[in-house]
Amino acid sequence: MHVLVTGGSGYIGSHTVLELLKDGHQVSVVDNLSNSSEESLRRITKMTGKKIAFHNFDLVEGDQLDKLFSNNSFDVVMHFAGFKAVGESVYKPIKYYQNNLDSTLSLCQVMSKHGVKKLIFSSSAVVYGPPDRVPITEDMLLHPTNPYGHTKAMIEQILSDIVQTNQGWEITALRYFNPIGADESDMIGEDPTGIPNNLVPYISQVAVGKLDKLKVFGNDYDTPDGTGIRDYIHVTDVAKGHVAAMHKLPRPNHMAIYNLGTGKGNSVLEVIEAFKKASGKDIPYVVAARRPGDIAEYFASVSKVKDKLNWQVEKIFFRPVKILGVGSQKILMGIANS
Ligand code: NAD
Ligand code: UD1
């Protein structure tokens with residue numbers, strides 16, 4: 001199949017491009033490089049020997065997208081492009097609503113014009129907001145608590161309205177929990193700019209001495225060790241989840257929604273311990289105040305995705321295989337098979 005991957009040079013998109021190529025598909029990428037570089041795709045080509053058609057433009061620019069669809073025959077679109085920083089979205093809501101919504105609308109409009117109606121969308125567990133219970137099932141009510149989360153919930157609504165036009169759309173939204181890690185080749189990975197907000201990239205930078213110590217945000221939650229619990233899923237499993245979803249799209253005029261998680265929660269202290277054990281590096285930390293807006297515990301129910309897509313995670317333990325400090329700012333962390 002010829003798959004168009006939007007946001008394909010980014011963190012999760014690039015891992016998915018790799019899995020798509022391994023699964024024998026032809027891949028084209030659109031990315032405006034607002035939060036990535038073409039280097040990830042160059043490395044994938046080096047690893048696989050397969051070409052990736054790369055198009056550097058903003059999805060909001062409908063004319064360029066239209067031209068791309070006129071010159072290609074795509075079977076499926078995987079839509080990763082978007083802004084994703086929760087904290088920034090609170091300060092710059094217009095930027096988030098504009099980019100995430102406009103790019104999706106522009107994409108759907110051009111897909112509709114060219115009769116391409118198979119779409120897989122990157123949603124997020126952030127749409128659930130604070131859960132009433134765990135594990136979180138897909139049918140739980142959505143109450144996102146920040147603009148980023150609202151954009152994801154709104155896009156899901158838009159997609160659900162689109163399938164109801166009965167024009168043959170087949171759409172799957174995947175709600176990722178906490179993707180971490182890197183392809184085991186160590187050739188691609190997560191490379192956040194500035195000081196990371198998320199736990200695992202932060203620990204990685206402490207491990208290589210780029211940051212002094214981790215602040216554990218609160219140890220007085222109602223959890224076994226008092227620290228926050230999350231569902232950390234390996235990015236390669238997320239990528240393989242997309243390939244599985246592509247092989248089992250819902251029937252025409254339907255939309256499917258699945259959680260992508262491990263179904264298990266780990267506390268901050270467990271993550272630190274696992275990282276220390278696997279890497280042999282010390283991870284100095286101090287306990288600090290709770291981070292505003294944080295939730296004590298959430299993890300996914302994965303029954304639906306196991307049942308319908310026959311997909312489940314392959315990597316479950318924290319075992320960093322290599323940490324590279326590549327002269328500059330690059331931190332690539334690989335997590336090996338359990
Ligand atoms: P990323 O920032 O690494 O990748 C997103 C890519 O989209 C970037 O390469 C960026 O340059 C590109 N992009 C952004 N706006 C664009 C536009 N208008 N036109 C063209 N390209 C554009 O992020 P990621 O972690 O790979 O996330 C991918 C998707 O998954 C996002 O939609 C994100 O919201 C969602 N998601 C991510 C996480 C996570 O923890 N990383 C969790 C849940 C959901
Ligand atoms: C955040 C995003 C979510 C996104 C996810 C993965 C929010 C509200 N949500 O979730 O949308 O899908 O990242 O990218 O921001 N922690 C520390 N010290 C740190 C960093 C984190 O103790 O320096 C703790 C947090 O309090 C939390 C856990 O580690 O208990 C995980 O935090 P993080 O990696 O930021 O992920 P989420 O908060 O789950």
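First listed ligand is number 1; within each ligand, the first listed atom is number 1. For the single chain, residues carry numbers from 1 onward in sequence order.
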Ring centers of H15, F80 separated by less than 6.0 Å: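 No, ring centres 6.0 Å or more apart.
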
For [atom], which of [options] has the closest heavy atom?
atom: atom 19 (C) of ligand 2; options: Y176, F177, F217; value: F217
atom: atom 28 (C) of ligand 2; options: Y148, Y285, Y232, Y11; value: Y232
atom: atom 35 (C) of ligand 1; options: F57, Y148, F121; value: Y148

Which bit of [X] gets closer than 4.0 Å to ligand 2, counting heavy atoms only: side chain, backbone, both or neither?
X: N198; value: both
X: K215; value: backbone
X: V271; value: neither
X: V268; value: side chain

Any N or O of [X] closer than 3.5 Å to N or O of ligand 1:
X: A81; answer: no
X: Y176; answer: no
X: L59; answer: yes
X: Y11; answer: yes
X: V30; answer: no

Give me the residue, atom name and distance of the protein heavy atom closest to [atom].
atom: atom 26 (O) of ligand 1; answer: I12 N, 2.8 Å
atom: atom 17 (C) of ligand 1; answer: N32 ND2, 3.4 Å
atom: atom 8 (C) of ligand 1; answer: D31 OD2, 3.5 Å

query: Does at least one non-hydrogen atom of S123 fall below 4.0 angstrom from an atom of ligand 1?
result: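 It does, in that a heavy atom of S123 comes within the 4.0 Å cut-off of ligand 1.
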
- prompt: Is H79 near ligand 1, meaning one of its heavy atoms is under 4.0 Å from it?
  reply: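 H79: no contact with ligand 1 (<4.0 Å).
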
Ionic contact status for R43 with E39, cut-off 4.0 Å: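 Yes, this pair counts.
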
query: Can we say D220 and R290 salt-bridge, meaning some charged N sits less than 4.0 Å from an Asp/Glu carboxylate O?
result: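 Yes, this pair counts.
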
field: Those atoms of ligand 2 less than 4.0 Å from some heavy atom in L214
entry: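 Contacts of ligand 2 toward L214, numbered from 1: 18 (N), 19 (C), 23 (O).
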
Contact (N/O only, under 3.5 Å) between Y202 and ligand 2: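 For ligand 2, there is no N or O atom that lies under 3.5 Å from one belonging to Y202.
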
message: Please tell me whether H55 and S28 have a donor and an acceptor in their side chains that are separated by less than 3.5 angstrom.
response: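 Not at all, the side chains of H55 and S28 share no donor-acceptor pair under 3.5 Å.
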
task: Consider only side-chain N and O atoms of T137 and S301, and report whether a donor and an acceptor are under 3.5 Å apart.
output: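 No pair is found: no donor N or O on one side chain lies under 3.5 Å from an acceptor on the other.
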
- prompt: Taking everything shown except K50 itself, do over 12 heavy atoms lie less than 6.0 Å from its NZ?
  reply: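 Correct, the count exceeds 12.
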
Atom 4 (C) of ligand 2 protein-contacted, heavy-atom criterion under 4.0 angstrom: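 Under 4.0 Å from atom 4 (C) of ligand 2, zero protein heavy atoms found.
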
task: Indicate, as side chain, backbone, both or neither, the part of K152 found under 4.0 angstrom from ligand 1 when only non-hydrogen atoms are considered.
output: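 Only the side chain of K152 comes within reach of ligand 1.
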
- prompt: Side chain, backbone, both or neither: which part of V126 comes within less than 4.0 Å of ligand 1 when only heavy atoms are counted?
  reply: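 No part of V126 comes within reach of ligand 1.
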
